[in-house]
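Working notes, beginning with the structure itself.
Values below: all heavy atoms of this structure, side chains included; hydrogens, waters and symmetry mates excluded. In this chain, numbering begins with 1 at the start of the sequence shown.
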Amino acid sequence: MNNLTQINNTSLLDVQTSLRSILEASPVSIFLIDSDRKVIFANPVAEATFKSNIQELKNFCCGDLFTCCNRHLEPKGCGYSKDCKKCSLNNAIQKALEGKGDFAELCGESFFHTDQSPDAFWVKFAVKPLNIGARHCVLASIEDITGLKQAAQALRDSEAKYRAVIENITDVFYRTDARGMLDMVSPSGIKLLGYDSEREMLGRPNESFWMHSEQRSKFLSILKERGEVRDYEVILKRKDGSPVHVATASRLILDKAGKAIGVEGTFRDITKRKQAELVLAEERKFTNAVLDSVPGLLYLYDDTGLLIRWNKQHETITGYSGDELAQMHLLDWYKDDQPTQEKISQAINRVMRDGCGSEEAELQTKSGEKIPFYFTAVLLEIEGRKYFTGIGIDITERKRAEEAVRNLEKSNRELIEYAPLGIFQSSPEGRCLSANIRLAEISGYDSVQDFMENMQDIGLKHYVNRNDRMEILEMLERKSAISVEVKLFRKDHSIIWGDLSMRAVRDSRGNLLHYEGFISDITERKKNEERLSESLKEKDVLLKEIHHRVKNNLQIISSLLHLQVEHKNNPEVEISLKESQNRVASMAAIHEELYKSENFSQIDLRHYVKFFVPRLINSYNTHKNGIGLDLDLSYAPVTIDKAIPFALILNELVTNAIRHGFRGKDDGRISVSIVCKNDMITVRVGDNGHGLPDGFDLKRTASLGINLVSTLTNQLHGTMLAENRNGAVFTLVFPAAGELSCQDEIH
């Protein structure tokens, strides 16, 4: 029996040794906990996990060792008491010690910390009741799964971020399966292509979203060849059929065997970019056209003096090709001309120092011709490197012009010196600055020097009336140049008349510099004008007397006709003589107007109508006392050759209105209006009488008066219109004389 007991004890010891070896080799933490919840065994993994050795762990109660993380949040409802339902590991240990709980309740996951290891971590545990002899224990295996939990959480976070990126990305993300069917698209793609939802797009062939099938075929060909494409421009088709330009970055999706199982990638809307590129292309075309249209040389040199960019004129003017210009150095244009090379080098140094500069130099073309140019340059800094750009203007013509100006100045000096007019310059204070020989001669001096020495006060020495110069200077303040006639002293104090043309010379700011002008001796002309003026006065008196006598003679004829009327008892003869008398009176009135006028070349029809028509109406008012007159007259000048035909026409039209317009009536009104516009005179004579008879025609009427009106209208080169408008209305339109204007009225 003792031997058997010894054998059993030995076997049990072997078993325990083997079990300890297994537990110590376990990759998870193993704890053996007794009924008092004390740790009686812990393997090396447990020691490492809980950062304590076995001796320290044996001093712990498992409730203190496995502290639920919720304890920090709810300290009153946690700990290792039997009532704590939140500490799943502690609860499982308690149930196992009590012999309760099934397998599912004794296994699980927990999130806790220890006093020895305050960082919270996740564990996966399994608790197993175990009886060791008479002792009731619990075997707890605890696996640290914090890394797995963190990886899982990281995966979830990554998927969430991925989904957030996909849902919020401005670019379009898409994916198709092996058959080319769309199985994923981001919300931006739905919006870009104008669809209402993802459901409308998924499951459709990707080709249906492409505007051009041949473009997609080329895209797939490149994709199969390279496995991916980047920034590849295509045109997609919106739901409404409109195109949208996009750039795609796509790749093949391959399985483990390397077989393509789909395509995924992104699309970016480049409509604005394409529009910008189009605008940029047009702008570049415009810029190149502008640069090429620059009449001179346009250039860009780097800081070493190499030509970087140029315009077409560079090639045309210099004779070098584009390839040759690309090799040109700045100083190559001045071969064998050391002074010019040094001058250009100094000019470039100034540009590099001051930022801009200019210089003139003769550029040598490919043919050897030297052309003078004016060069400008400004400094540029591009990506940290210095350049200078500018233009070169061919100044050959300017050089020729300068030479011509020099020659002209020489000629002008000679011309001024010997000009037939006196030429001068004077200071604002009245001192002569320069003069020519003719001015000295006009003023009676022996030489220009003699004249200038004596003209230190022009107002006192040269002007007869000192105030004349002050008035001239006041006029030059208002006008840039003037021309006046003044009396001037000669050296011997005799007086001459001078025609003075003068202007004020000012700088760019308007400050007065000096005066300059011309003087000519018009003394003889003034004498001739005085003689001519006297002669004209005599002629005016004579012409006025002629008009007066013509008027008197016509009035005599009119009086004779009047006497003849009084001695006739025949009404028809009386009327004819009366009409003739009025015609003569109308012409006499013209000469009376000229006699009263200060201007014998023209008559203002307003004055004539106001004077003549009332007299004509009064001559008939012995029988018709109720005829009134309305006048609406504007300024209308005519010469005498038009005034007389007009007077006769007016006489006939007013007489016709008086005699025929109011037959059987004792009252009525006659209106006369004159309008002169655009050098055409419109005369309208009307009445409120019976009007014209039916079928009235100016050209077919046999009346002497109407025939006379038609003839005189042709003589005026005018037109006559007769019409009924609440009475008879005659409208005469004829041109004013060419030398007279409707706008020339003198007030």
Evaluation steps, side chain to side chain donor-acceptor pair (under 3.5 Å), between Tyr387 and Arg309: CA-CA 11 Å; Tyr387 300 82; Arg309 189 173 180 185; over 6 Å; no
Which atom pair, heavy atoms only, marks the closest approach of Glu233 to Gln215? O-NE2, 4.1 Å
Can you tell me if Asp507 has over 12 outside heavy atoms packed within less than 6.0 Å of its CG? yes
Donor-acceptor under 3.5 Å (Ser221 side chain, Ser217 main chain): no
Using only heavy-atom distances, determine whether the side chains of Asp323 and Ser321 contain a donor-acceptor pair under 3.5 Å. no
If you count the non-hydrogen atoms of other residues, nucleotides and ligands that lie under 6.0 Å from CZ in Arg268, is the total more than 12? no
Quick one: do His314 and Asn311 satisfy side chain to side chain contact (heavy atoms under 4.5 Å, CB included)? Show the steps, please. CA-CA 6 Å; His314 232 95; Asn311 63 344; 3.8 Å; yes
Taking every non-hydrogen atom, the tightest pair across Leu439 and Ile423: CD2-O, 3.8 Å
With a 4.5 Å heavy-atom cut-off, do Val448 and Asn436 have their side chains touching? no
Quick one: pull up CD in Glu200 and CG in Leu182 and give me the separation to the nearest 0.5 Å. 12.5 Å
Any idea which heavy atoms bring Arg431 and Ile458 closest together, and the distance? C-CD1, 4.1 Å
What distance do Arg230 atom CZ and Arg251 atom CZ have between them, rounded to the nearest 0.5 Å? 10.0 Å
For a quick test of reading the model, state the closest non-hydrogen atom pair linking Met352 to Phe388 and the distance between them. CE-CD2, 3.7 Å
Between Ile348 and Tyr301, does the side chain to side chain contact (heavy atoms under 4.5 Å, CB included) criterion hold? Intermediate values first, please. CA-CA 10 Å; Ile348 297 307; Tyr301 286 93; over 6 Å; no
Hey, does the side chain of Thr248 reach the backbone of Thr266 with a donor-acceptor pair shorter than 3.5 angstrom? yes
Is there a side-chain contact between Phe518 and Arg438 in this structure, where contact means two heavy atoms from C-beta onward sitting under 4.5 Å apart? no
Once the angle between the rings of Tyr445 and Phe451 is folded into 0 to 90°, is it parallel (under 30°), tilted (30 to 60°) or perpendicular (over 60°)? perpendicular
Apply side chain to side chain contact (heavy atoms under 4.5 Å, CB included) to residues Leu236 and Val172 and explain how you reach the verdict. CA-CA 12 Å; Leu236 297 183; Val172 177; over 6 Å; no
If you measure from CG on Leu193 to CZ on Arg238, what distance do you get to the nearest 0.5 Å? 7.5 Å
Tyr515 versus Ser427, closest heavy-atom pair with distance: CD1-O, 3.9 Å
Please check if the number of heavy atoms outside Lys491 that lie under 6.0 Å from its NZ is greater than 12. yes
Check whether any side-chain heavy atom of Met328 lies under 4.5 Å from a side-chain heavy atom of Thr318, and answer yes or no. no
Under 30°, 30 to 60°, or over 60°: which ring-plane class applies to Phe373 and Phe375, parallel, tilted or perpendicular? parallel
Would the distance check show the side chain of Ser188 and the main-chain N or O of Asp171 forming a donor-acceptor pair, the cut-off being under 3.5 Å? yes
Could you walk me through whether Glu402 and Arg398 pass the salt bridge (Lys or Arg N to Asp or Glu O under 4.0 Å) check? CA-CA 6 Å; Glu402 289 174 352; Arg398 195 192 80 182; 3.1 Å; yes
Between Leu252 and Lys224 the two heavy atoms that sit nearest each other are CD1-CA, 4.2 Å
Treating Ser186 as the side-chain partner and Phe173 as the backbone partner, does any N or O pair qualify as donor plus acceptor under 3.5 Å? yes
Sidechain N-carboxylate O distance under 4.0 Å for Arg466, Asp457: yes
Count the heavy atoms of every other residue, nucleotide or ligand shown that sit under 6.0 Å from NZ of Lys218, and state whether that count exceeds 12. no
Side chain to side chain contact (heavy atoms under 4.5 Å, CB included) between Trp210 and Phe219, intermediate numbers included: CA-CA 11 Å; Trp210 288 61; Phe219 164 77; 3.6 Å; yes
Should Leu330 and Tyr299 count as side-chain neighbours, where that means a heavy-atom distance under 4.5 Å? no
Min side-chain heavy-atom separation Asp521-Glu441 under 4.5 Å: no
With rounding to the nearest 0.5 angstrom, report the OG1 to CH2 distance, Thr389 to Trp310. 13.0 Å
Lys/Arg N to Asp/Glu carboxylate O, Arg273 vs Glu277, below 4.0 Å: yes
Decide yes or no for Glu485 and Arg525: does some side-chain heavy atom of the first lie under 4.5 Å from some side-chain heavy atom of the second? yes
Between CZ on residue Phe424 and CE on residue Met452, distance to nearest 0.5 Å: 12.5 Å
Which one of Ile395, Ile391, Asp394 satisfies the side-chain contact (heavy atoms from CB on, under 4.5 Å) criterion with Tyr374? Ile395
Just wondering, more than 12 heavy atoms not from Lys343 lying within 6.0 Å of its NZ? yes
Under the side-chain contact (heavy atoms from CB on, under 4.5 Å) test against Val185, which residue among Arg204, Arg175, Met201 passes? Met201
Would Glu342 and Gln346 count as having a side-chain donor-acceptor pair, cut-off 3.5 Å? no
I'd like to know if Lys399 pairs up with Glu403 as an ion pair, taking the criterion as any Lys NZ or Arg NE/NH1/NH2 lying under 4.0 Å from an Asp or Glu carboxylate oxygen. no
With a 3.5 Å distance limit and no angle check, can you tell me whether His212 reaches the backbone of Glu214 through a side-chain donor-acceptor pair? no
Residues Lys487 and Asp468 bridged, charged N to O under 4.0 Å: no
Are the side chains of Ile442 and Leu488 in touch, meaning some heavy atoms are under 4.5 Å apart? no
Determine yes or no for a side-chain-to-main-chain donor-acceptor pair under 3.5 angstrom, with Asp337 supplying the side chain and Tyr334 the backbone. no
So that I can tick it off, tell me whether Arg506 and Glu477 are bridged by a salt bridge, with the cut-off set at under 4.0 angstrom between side-chain N and carboxylate O. yes
Does Arg385 CZ have over 12 foreign heavy atoms under 6.0 Å away? yes
Under a 3.5 Å threshold, yes or no: a donor from one side chain and an acceptor from the other, between Gln449 and Ser447? no
Counting only heavy atoms not in Arg406, do more than 12 fall under 6.0 Å of its CZ? yes
Contact check, side chains of Ser480 and Arg503, non-hydrogen atoms, under 4.5 Å: no
Separation between OG of Ser443 and CE of Met455, rounded to the nearest 0.5 Å: 5.5 Å
